[in-house]
Amino acid sequence: MPELPEVEVVRRGLERWVAGRTVTEVEVLHPRAVRRHPAGGADFAARLKGQRFEVARRRGKYLWLPLAETGTSVLGHLGMSGQLLVQPEDAADEKHLRIRIRFAASDSDSVTGAVGTELRFVDQRTFGGLSLHDQTPDGLPDVIGHIARDPLDPEFDDAAFQSALRLRRTTVKRALLDQSLISGVGNIYADEALWRSRLHYDRPTATLTRPRSAELLGHVRDVMNAALDVGGTSFDSLYVNVNGESGYFDRSLDAYGREDEPCHRCGTPMRRRAWMNRSSYFCPRCQRPPRASA
DNA sequence: CCGTACTCCTGGCAGC
DNA sequence: TGCTGCCAGGAGTACG
């Protein structure tokens with residue numbers, strides 16, 4: 001599934017293929033894809049028509065395309081299975097095509113005579129979607145004001161994050177997934193960063209020393225940057241792919257999905273625990289549970 | 001403030 | 001073989 005690095009790859013693809021283009025037509029093919037747009041699909045399409053996209057921005061797993069001179073943005077979230085594809089206009093519809101956005105012919109099209117491209121939102125499980133929102137003064141869509149900066153944001157405040165961790169009476173994995181503390185960390189990267197940090201997911205955040213929380217944050221960044229390095233090499237094509245099947249997930253995971261397989265550090269079989277309606281993967285030897293939890 | 005449970009959805013897969 | 005049911009996941013919401 002798309003995580004922060006994949007979403008960043010998509011953002012770069014949009015920057016290259018969609019920035020500066022003017023919308024001529026919008027087709028909403030499934031109502032769930034615009035369910036975060038309260039006025040509905042027809043309103044979404046009507047308000048988008050004739051507007052020009054500026055450079056795509058991202059925070060955590062949210063990305064948005066500001067509409068020039070309107071103070072509004074198209075906000076997107078890929079959910080679990082969403083893709084934003086730039087496709088030739090004459091390419092066959094994908095099975096799970098939800099939204100199609102057509103553009104005025106670009107200069108390069110009219111010069112080369114090539115078939116134009118369109119932007120498609122494709123989503124099998126329909127957890128993701130697009131919607132239109134006003135921007136706050138700092139350029140953020142108003143509905144994501146509660147989303148904290150992500151660890152790849154140059155303005156992410158490490159010291160403030162570490163202080164907030166100590167103050168929260170919660171456990172470390174819960175904190176990593178709390179979008180108001182730090183955004184963009186999903187189940188996979190949380191487990192990977194905890195494994196690298198030799199921390200059990202149920203460790204109370206208040207017991208983390210400064211060096212330990214700094215190390216954890218460093219591992220969160222490392223694991224995301226490693227994935228970005230892999231995924232970031234494949235966007236340079238007409239087809240902006242966000243299928244979550246990047247080689248990174250096949251080759252480089254140390255924790256996620258490795259139940260009963262040997263720990264890459266000590267060889268102990270990895271374990272999986274049901275946790276908050278999902279799973280946590282960890283090494284029972286490297287990542288000892290805290291005394292308070294059984 | 002914090003935690004838990006629930007919801008949305010589809011397709012792949014295990015088990016009968 | 002064809003059914004049933006489980007599972008995957010992010011994020012919002014309701015509630016204790």
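Labels below follow one simple rule: chain letters A, B, ... track the order of the sequence lines, proteins then strands, and each chain is numbered from 1.
In summary, the side chains of T117(A) and R21(A) do present a donor paired with an acceptor at a separation below 3.5 Å, with no hydrogens or angles considered. A donor-acceptor pair shorter than 3.5 Å can be found between the side chains of S213(A) and Q162(A). A donor atom on one side chain and an acceptor atom on the other are found under 3.5 Å apart for R272(A) and S279(A).
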*Any chance you could list the contact pattern along nucleotides 4-9 of chain B? Use B for base contacts, S for sugar-phosphate-only contacts and - for none, protein heavy atoms under 4.0 Å, 5' to 3'.*
S-B-BB
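With sequence neighbours left out, A39(A) forms a side chain to side chain contact (heavy atoms under 4.5 Å, CB included) with H37(A), D43(A). Annotation: ring-ring contact (aromatic ring centres under 6.0 Å, His included) contacts of H133(A) (sequence neighbours excluded): none. Every residue two or more places apart in sequence or in another chain that forms a side chain to side chain contact (heavy atoms under 4.5 Å, CB included) with Q124(A) is listed here: S81(A), H96(A).
Under a cutoff of 6.0 Å and an axis angle of 45°, R265(A) and W195(A) form a cation-pi pair.
Listed by residue number, the members of residues 58-65 of chain A with any heavy atom below 4.0 angstrom from DNA chain C are K61(A), Y62(A). A heavy atom lying under 4.0 Å from DNA chain B marks the following residues of residues 158-171 of chain A, by number: R168(A), R169(A), T170(A).
Between L181(A) atom CG and dA11(C) atom P there is a gap of 14 Å when expressed in whole angstrom units. Here the C1' atom of nucleotide dG3(B) and the CG atom of D202(A) are 12 Å apart, to the nearest Å. To the nearest angstrom, P of dG3(B) lies 15 Å from NZ of K173(A). If you take CG of L177(A) and C1' of dG3(B), they are 14 Å apart, rounded to a whole angstrom. Distance, Q179(A) CD to dT13(C) P: 14 Å, rounded to whole Å. Between the P atom of dG12(C) and the NE2 atom of H133(A) lies a distance of 11 Å, rounded to the nearest Å. For Q83(A) and dT10(B), the CD to C1' distance is 14 Å, given to the nearest whole Å. Atom-to-atom, CG of L253(A) to C1' of dA8(C) comes out at 15 Å; the value is rounded to the nearest Å.
With respect to R52(A) and E54(A), no salt bridge is recorded, no charged nitrogen being found less than 4.0 Å from a carboxylate O. Classification of R58(A) and D153(A) as a salt-bridged pair fails, no side-chain N sitting under 4.0 Å from a carboxylate O.
Each of V185(A) and S279(A) lies near DNA chain C, and the nucleotide nearest S279(A) is the one positioned closer to the 5' end.
For R35(A), the CZ atom sits in a packed shell: over 12 heavy atoms of surrounding residues, nucleotides or ligands are nearer than 6.0 Å.
OP1 or OP2 of dA11(C) lies within a sub-4.0 Å distance of a side-chain N or O belonging to H77(A). For dC6(C), neither phosphate oxygen OP1 nor OP2 lies less than 4.0 angstrom from any side-chain nitrogen or oxygen of R278(A). When the side-chain nitrogen and oxygen atoms of H146(A) are compared with OP1 and OP2 of dG12(C), one or more of them lie within a distance under 4.0 Å. Contact between the side-chain N/O atoms of K95(A) and the OP1/OP2 oxygens of dG11(B) is found at a separation under 4.0 Å.
Of all non-hydrogen atoms in R57(A) and D138(A), the two that sit nearest each other are NH1-O, 3.9 Å. The two residues D123(A) and G82(A) make their nearest non-hydrogen contact at OD1-N, 3.2 Å.
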